[in-house]
Amino acid sequence: MDPGPALRYPAGSLVLVAGLPGAGKSTLLDRLYGLHGDETAPVPAGGVLVIDSRQSRNWWARFLRPLPPRLRTPFVHATHVWRIGRAILAGHAVVAHTRGTWPHILHLFAWLARRRGGRLHLILLDVAPETARAGQYARGRTVTSATFNRHCRRWRPLVDRARGGDPLPPAAGVTVLDRTAADKLQAIHFT
């Protein structure tokens, strides 16, 4: 899909940018919101709170550096999910990075957003697994083959349903972007 230069969502929405590891979620957030990748906390940007999992990873790095990445991951993910939930409950419009393949987390976020009068919207970055894997190598941070394969198995049915026009509960709306469309996107607005 080519959304043109901008995507628009109602004020107070939660917009989750989802995709395979290495698909370009952080790259998109960096470009749209001027992130540098060294942030340790969510970033306010033009009336929206931008939450990338790197922020949690960077925050924990000073405490968990001696641990292997596999043991750091639960701390990072729990902190990331907690930060998104906290931002929703505080009434912020939120744009956040997510894997998108954990339905229980999506249902939790949708429930929290509804409690605050908002809705959950998904932006699915649909790239070939080979492209996502290359993205992991380019950023110097890879997930194990087993983890990546698990994400691929869960991801494809989500994208196929969305491209077929089927709703993806609990999302109020879904936008699927290929790499070209993601590169053309210039803004995410909340009105």
Side-chain angles (χ1 to χ4, degrees), residues 1 3-21 23-64 72-125 158 162 167-177 181-191:
M1 172 188 177
L7 290 171
R8 298 184 187 286
Y9 299 98
S13 292
L14 165 63
V15 176
L16 295 177
V17 179
L20 293 172
K25 301 176 293 290
S26 294
T27 301
L28 181 64
L29 294 177
D30 290 351
R31 186 171 56 76
L32 294 180
Y33 295 102
L35 303 181
H36 302 287
D38 59 354
E39 297 86 2
T40 59
V43 175
V48 65
L49 199 57
V50 183
I51 306 175
D52 190 303
S53 61
R54 289 180 308 186
Q55 297 158 350
S56 295
R57 186 177 300 106
N58 294 341
W59 189 85
W60 277 109
R62 60 187 165 184
F63 305 109
L64 302 178
R72 289 183 236 157
T73 299
F75 293 99
V76 170
H77 286 297
T79 301
H80 181 59
V81 168
W82 178 77
R83 286 176 168 182
I84 294 170
R86 185 175 70 171
I88 296 166
L89 290 175
H92 294 286
V94 176
V95 174
H97 165 293
T98 185
R99 293 177 175 177
T101 57
W102 291 350
H104 59 288
I105 298 292
L106 295 180
H107 283 280
L108 169 67
F109 288 154
W111 179 75
L112 291 174
R114 283 191 307 271
R115 287 192 60 195
R116 297 297 297 179
R119 291 283 185 249
L120 164 68
H121 299 271
L122 293 173
I123 298 172
L124 305 180
L125 296 184
L158 289 175
L168 288 179
V174 180
T175 301
V176 181
L177 302 178
D183 289 345
K184 289 179 183 177
L185 184 65
Q186 294 301 309
I188 297 173
H189 296 292
F190 293 82
T191 56

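In what follows, residues are counted from 1 in the order of the sequence shown. Just so it is clear, the values below take in all heavy atoms, side chains as well, and ignore hydrogens, waters and symmetry mates.
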- Task: Let me see the working for L14 and L112 under side chain to side chain contact (heavy atoms under 4.5 Å, CB included), right down to the final yes or no.
- Result: CA-CA 10 Å; L14 165 63; L112 291 174; over 6 Å; no
- Given I88 and R115, is the side chain to side chain contact (heavy atoms under 4.5 Å, CB included) satisfied, shown in steps? CA-CA 9 Å; I88 296 166; R115 287 192 60 195; over 6 Å; no
Kindly write out the residues that satisfy side chain to side chain contact (heavy atoms under 4.5 Å, CB included) with [X], not counting sequence neighbours, or none if the list is empty.
X	value
S56	V76, T79, H80, R83
P10	S13, H121
A110	R114, L120, P170

Say you draw a straight line from [atom1] of [X] to [atom2] of [Y]; how long is it, rounded to the nearest 0.5 Å?
X	Y	atom1	atom2	result
L106	W111	CG	CH2	15.5 Å
I188	L28	CD1	CG	6.0 Å
I84	I105	CD1	CD1	8.5 Å
F109	H104	CZ	NE2	9.5 Å

- Sequence neighbours left out, what passes ring-ring contact (aromatic ring centres under 6.0 Å, His included) with H107? Give chain and number order. none
Identify the heavy atoms of [X] and [Y] that sit nearest to each other, and give their distance.
X	Y	answer
V48	A93	CG2-O, 3.3 Å
L32	L185	CD2-O, 3.6 Å
T175	Y9	OG1-OH, 3.8 Å
P42	L49	CB-CG, 3.8 Å
Y33	A45	CD2-CB, 3.7 Å
L124	L158	CD1-O, 4.4 Å

- Just jot down the side chain to side chain donor-acceptor pair (under 3.5 Å) partners of S26, sequence neighbours excluded, or say none. D52
Assess whether atom [atom1] of [X] is packed by more than 12 heavy atoms of other residues, nucleotides or ligands within 6.0 Å.
X	atom1	result
F75	CZ	no
R72	CZ	yes
R62	CZ	yes

- Does K25 reach the main-chain N or O of H97 with its side chain, forming a donor-acceptor pair under 3.5 Å? no
- Sorted by first residue and then second, give each salt bridge (charged side-chain N to carboxylate O under 4.0 Å, His left out) pair with at least one member in residues 26-47; sequence neighbours left out. D30-R54
- Just say parallel, tilted or perpendicular for the rings of F63 and W59, cut-offs at 30° and 60°. tilted
